[in-house]
Structure formats: C-alpha cells, structure tokens
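Take a look at the structure set out below.
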Amino acid sequence: VQLVESGGGLAQVGGSLSLSCAASGPITEMFAMGWYRQVPGKQRELVAAITSSGFTQYLDSVKDRFTISRDNAKNTIYLQMNSLKTEDTAIYFCNNGPNNWGQGTQVTVSS
C-alpha cells in the first residue's frame, strides 16, 4: 500500500495548514497511522498517531494545536495544524508500520 501526502506549504506564525495522507488501498490495522517530521540533522520524530479505533497520541509540543483524524472509508488520514510556530518547520511524513512511509511534504512556517 502506497502512502501519498499532500497539503504542505508555507504558512505564517499563528497560521494553519492541513495535511492529508491517502493510502492506495486498505490501511493495515496492525499498526497505527502516524505523522512524523524531520529537519536536517535531526532524528525523525513522531508528531501524532491514530489507531484504527480512534485512539490518538501527540508529541507534547503540538498538543492542543494539531489534530489527527482518519477516514477509513477513504483510506486517508489528516493532520490539522493550527497556531503554527517556526519550530514546526520540517518535512512531514505519513507512516503505517515500520516499513511503510510516504514521500514527505514540506511544511515551512515563517515569521
């Protein structure tokens, strides 16, 4: 199953962006779906994850600003990012299990 992200781009501090990750087929329920991000020189970090039952988990620094959701009928997950900060600038990757990654989408937050 391929994962394709969309929706990245440029936003100003305090602004919002919404990311989507569409799977080419049914998403395996063995693993949660997640959004990770990475900046050059740093390790990729988990931003948010959601299980098939809807349980969610967030990186502390994005709690109350980001919301992950999923539409099982569309094999798609979303990440709504509000109150963006410059430190949210990164490439955001969709993930479903240890070996299934999307190609990434750039998010840049400028002041």
Side-chain angles (χ1 to χ4, degrees):
V1 175
Q2 285 188 314
L3 305 175
V4 180
E5 301 98 335
S6 60
L10 178 65
Q12 292 197 324
V13 169
S16 299
L17 284 172
S18 181
L19 305 182
S20 299
C21 171
S24 60
I27 299 168
T28 176
E29 296 183 2
M30 184 179 300
F31 304 107
M33 292 291 296
W35 287 99
Y36 287 73
R37 67 187 182 188
Q38 188 169 27
V39 296
K42 291 192 175 181
Q43 214 168 9
R44 195 172 292 190
E45 64 180 357
L46 176 65
V47 176
I50 185 167
T51 67
S52 58
S53 59
F55 177 80
T56 57
Q57 174 186 358
Y58 294 93
L59 180 69
D60 283 346
S61 62
V62 308
K63 282 179 182 177
D64 300 324
R65 299 190 298 120
F66 291 10
T67 303
I68 189 171
S69 60
R70 65 190 290 163
D71 185 332
N72 291 330
K74 295 182 179 180
N75 297 322
T76 300
I77 67 166
Y78 306 93
L79 186 68
Q80 178 63 40
M81 304 184 293
N82 299 326
S83 302
L84 285 163
K85 303 177 180 181
T86 55
E87 52 262 44
D88 295 320
T89 295
I91 300 175
Y92 284 70
F93 297 89
C94 181
N95 170 266
N96 181 217
N99 299 311
N100 196 2
W101 295 89
Q103 82 286 355
T105 185
Q106 177 71 48
V107 169
T108 303
V109 183
S110 67
S111 56

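Between the side chain of Tyr58 and the backbone N or O of Ile68, at least one donor-acceptor pair lies under 3.5 Å. Looking only at distances, a side-chain donor or acceptor of Glu5 sits under 3.5 Å from a matching main-chain atom of Cys94.
Applying the side chain to side chain donor-acceptor pair (under 3.5 Å) test to residues at least two apart or on different chains, the pairs with a partner in residues 89-99 are Arg37-Tyr92. Listed by first and then second residue, the ring-ring contact (aromatic ring centres under 6.0 Å, His included) pairs involving residues 12-44 are Tyr36-Trp101 (not counting sequence neighbours).
Contacts of Thr108 classified as side-chain hydrogen bond (donor to acceptor under 3.5 Å, both in side chains), with partners at least two apart in sequence or in another chain: Gln106. Partners of Val4 according to the side-chain contact (heavy atoms from CB on, under 4.5 Å) rule, which considers only residues two or more places apart in sequence or in another chain, are Gln103. Legend: residues meeting side-chain hydrogen bond (donor to acceptor under 3.5 Å, both in side chains) with Gln38, ordered by chain and number and at least two apart, are Arg44. Applying the side-chain hydrogen bond (donor to acceptor under 3.5 Å, both in side chains) rule to Gln57 yields no partners; only residues at least two apart in sequence or on another chain are considered.
Under a cut-off of 6.0 angstrom, the local environment of CD in Glu45 is crowded, with over 12 non-hydrogen atoms contributed by other residues, nucleotides or ligands. No more than 12 heavy-atom neighbours from other residues, nucleotides or ligands sit within 6.0 angstrom of CD on Gln43.
In the hydrophobic cluster analysis, where Ile, Leu, Val, Met, Phe, Trp and Tyr join through side-chain heavy atoms closer than 4.5 angstrom, Phe93 is grouped apart from Val1. Cluster membership check: Val109 shares its hydrophobic cluster with Leu79, using side-chain heavy-atom separations under 4.5 Å among Ile, Leu, Val, Met, Phe, Trp and Tyr. A continuous path of hydrophobic side-chain contacts links Val13 to Leu17 [ILVMFWY only; heavy atoms under 4.5 Å].
With a 4.5 Å cut-off on side-chain heavy atoms, Ser110 and Leu10 count as touching. Using a 4.5 Å cut-off on side-chain heavy atoms (C-beta onward), Leu59 and Phe66 make no contact.
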request  = Just do the salt bridge (charged side-chain N to carboxylate O under 4.0 Å, His left out) check on Lys85 and Asp88 with the steps written out, would you?
outcome  = CA-CA 5 Å; Lys85 303 177 180 181; Asp88 295 320; over 6 Å; no
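Val39 and Ala90 get closest at one heavy-atom pair: CG1-CB, 3.6 Å. Of all heavy-atom pairs spanning Ser83 and Ser16, the tightest one is N-OG, 4.4 Å. Of all heavy-atom pairs spanning Leu3 and Ala23, the tightest one is CD2-CB, 3.8 Å. In this structure, Cys21 and Met33 approach most closely via the heavy-atom pair SG-CE, 4.3 Å. Closest approach of Met81 to Leu19, counting heavy atoms only: CE-CG, 3.8 Å.
Taking CZ of Arg65 as the reference point, atom CG of Leu84 lies at 6.5 Å (rounded to 0.5 Å).
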